[in-house]
Protein chains: 2
Amino acid sequence: MSAANNNEKEVTIYDIAAALNISAATVSRGLKNHPAIRQTTKDRIFAQAERMGYRFNTFARNLRTKRTYTIGVIVPRLNSMFMSDVLAGMEKISNEAGYELIISQSLETMEKEKKNAATMFNNRVDGVLVSLAYTTTDIDHFRRFIDKNIPLIFFDRAFEHPHCPNVVIDNHKAAYEMTTHLIRQGCRRIVHIAGHLNRDVYALRLKGFQEALADNGITFDEDALIVNNLGIADGVLAAQHMLSLPERPDAVFAANDTCAVACMQELKRNGLRVPDDVRVAGFNNDPIATVVEPNLTTIDYRGHEMGEVAAKTLINLLNGVGDLQAAAIVLRHHLIIRDSTQRKKLTEHENKNN
Amino acid sequence: MSAANNNEKEVTIYDIAAALNISAATVSRGLKNHPAIRQTTKDRIFAQAERMGYRFNTFARNLRTKRTYTIGVIVPRLNSMFMSDVLAGMEKISNEAGYELIISQSLETMEKEKKNAATMFNNRVDGVLVSLAYTTTDIDHFRRFIDKNIPLIFFDRAFEHPHCPNVVIDNHKAAYEMTTHLIRQGCRRIVHIAGHLNRDVYALRLKGFQEALADNGITFDEDALIVNNLGIADGVLAAQHMLSLPERPDAVFAANDTCAVACMQELKRNGLRVPDDVRVAGFNNDPIATVVEPNLTTIDYRGHEMGEVAAKTLINLLNGVGDLQAAAIVLRHHLIIRDSTQRKKLTEHENKNN
DNA sequence: CTGTTAGCGCGTTCAA
DNA sequence: TTGAACGCGCTAACAG
């Protein structure tokens, strides 16, 4: 039926046991370096296994042990440098600990996210790492993991839940800093472009933005808030909205770089000078931020670190290390200023847990 | 030991068989919609399964059937819109056919690619979809798949092998068209920035470039070829190289958009006007191409389609449909001209197999 | 249309 | 230090 059918029989521990005139149990133990097996016997087992081209059967083991040594990862999209870094970090830690990753993208919809979660559940992943989609409103589709005590960790686009650790940055603070920076540059009419507000990252960034305004005696105007999907088209529309306002804004702070860049381009196409007429700020420090002119002021946080920390936290839970209680692990971020002639890092925040 | 240990016993087909006073075999058949089971029986089985919270055990099935319904995917990096699209296409087709994807990135090194291949092999994937890393020089690490008759398909960055179908675009033709376009615009001293030439995509693009020059009576100059990693830094260096040449080039055609954009920026920083002094062309139609100013002329080909076709080809092989012989499936590409005032699609090439 | 039987390859008692 | 025997949960004959 299948073109993949191999006619050659797969070699098992029985085969190598027979060849060595010992029992399969001994082979099984020898292969996993069981202390109660004589070294010489182990050597013979390994040599014979090598000779016969033996390969370990994961499924038989999973069937017995009821663990899969597999971690499920669900992300919104795989198209950013940030996500690529996150996954590389996760893969590094996981593989070192003997785990494999199953990666899938929700494409920003809760519907797909549900399917992915179901798939992972059926594949009996030992744990799950999730960054939520735009349209996700609740996490009922993850309830089965929680009920079964399967560790579930949210990273970046997180969700507060008593059983689910979060690995995030301080979005509130980052946005506060960015807004404060713009204000210090003399901006007073600052527009904020936010993503779906049911995602904590965007709600928090908005909150940080508003608080910075308030702390500087600037009233928040309803017109100064745009909520959209943070895509290229959204950035263009946002710019047009800005241009249509009675009082022209003197700055825009978008919740991601893609949108900030698209917005900047459209503003420039309409004759505004950046940063003289209007300053533009983004979030994420995507490579695109250094490509636009002028380069984009933005918030940097390293995905690799976030991936490593998330994976490490999960594996600790799997090994029974660390508490089962939810904890928010807050990683560093940097404000990267590129709208002056000088580029420099302004601040650096240490991990709150230190 | 593990925090994931569930104390509640997992429900099996035996449990639901017992509850229904039928045999486990019937349950097994009913669950997979076997035609030889009465509908009413099926209904009872499904209802009972639902009631008892049954979940299918993949491993037991894998152990029996020796198939995993899993497809391995190895890509260089997960950071481009193109790759994201490819994977979405693959996931769509695969899931429809009941397969899951295991995705991993080689991070452009053969070493990591080898590890990934080994992991996939040990996880007994039914088939593999690969786009090769920069530094890969041979495909010995895939030999075990080939020897075992496990379908292996290369896409985009392909490799010719009698047993491995390729899913690609006509890179030679695309580069030829791009170069011809530049020549028609009046360019005579065109620089080409290529990636590692052991990757067919870059070797073929170079060849198409050179052939277009030849066909238009332009001699190829050694100075006009730059080979690098096609990153941002490489684009900057390429621009500096161009500026240092005795005769200043009037065009540059890079093998990807990232590098083209970086190069363009550096040229502009050095006072050149684009496209008046120098025209810039890229490859891939990455979103970044519409962000730089002026927008980048480039080659477009849709990743989603490539992912779908690659997955479909693989699944056909797994189902014994289609020939085992290698075949190159060549998908369409489009030359997207953005260095004139008018934007338009110039040509459209149909799938060669049609 | 349904039941019986016999493994898939491995880990893990319990004995020796 | 090693072996015998059983079962993890499911599917594929073969019977009826």
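We use all heavy atoms of the structure for the numbers below, so side chains are in, but hydrogens, waters and symmetry mates are not. The sequence lines fix the lettering, A, B, ..., with proteins before strands; numbering per chain opens at 1.
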Contacts of type ring-ring contact (aromatic ring centres under 6.0 Å, His included), residue B:F145, not counting sequence neighbours: B:F121
Contacts of A:Q39 that satisfy side-chain hydrogen bond (donor to acceptor under 3.5 Å, both in side chains) - sequence neighbours left out: A:D43
Side-chain touch B:L78/B:L87, heavy atoms, less than 4.5 angstrom: yes
Residues that A:S84 engages under side-chain hydrogen bond (donor to acceptor under 3.5 Å, both in side chains), provided they are two or more places apart: B:Q105
Residues forming a side chain to side chain contact (heavy atoms under 4.5 Å, CB included) with B:T41, sequence neighbours excluded: B:T26, B:I37, B:R38, B:I45
Difference in axis direction between the ends of the helix from C:dC1-D:dG16 to C:dA16-D:dT1, five pairs, 10°: 30°
Partners meeting side-chain hydrogen bond (donor to acceptor under 3.5 Å, both in side chains) with A:R64 (sequence neighbours left out): none
Partners meeting side-chain hydrogen bond (donor to acceptor under 3.5 Å, both in side chains) with A:Y54 (sequence neighbours left out): none
Listed partners of B:R157 passing salt bridge (charged side-chain N to carboxylate O under 4.0 Å, His left out), at least two apart: B:E108
Heavy-atom protein contacts under 4.0 Å, nucleotides 1-8 of chain C, coded B base, S sugar-phosphate only, - none: BBBB-BBB
For chain A, the stretch of DNA chain D it reaches, first to last nucleotide, under 4.0 Å of its heavy atoms: D:dT1 to D:dG9
Non-neighbouring partners of B:E160 that pass salt bridge (charged side-chain N to carboxylate O under 4.0 Å, His left out), sequence neighbours left out: none
Contacts of type salt bridge (charged side-chain N to carboxylate O under 4.0 Å, His left out), residue B:R302, not counting sequence neighbours: B:D85, B:D300
Nearest-Å distance for atom pair CG/P, residues B:N123 and C:dG9: 17 Å
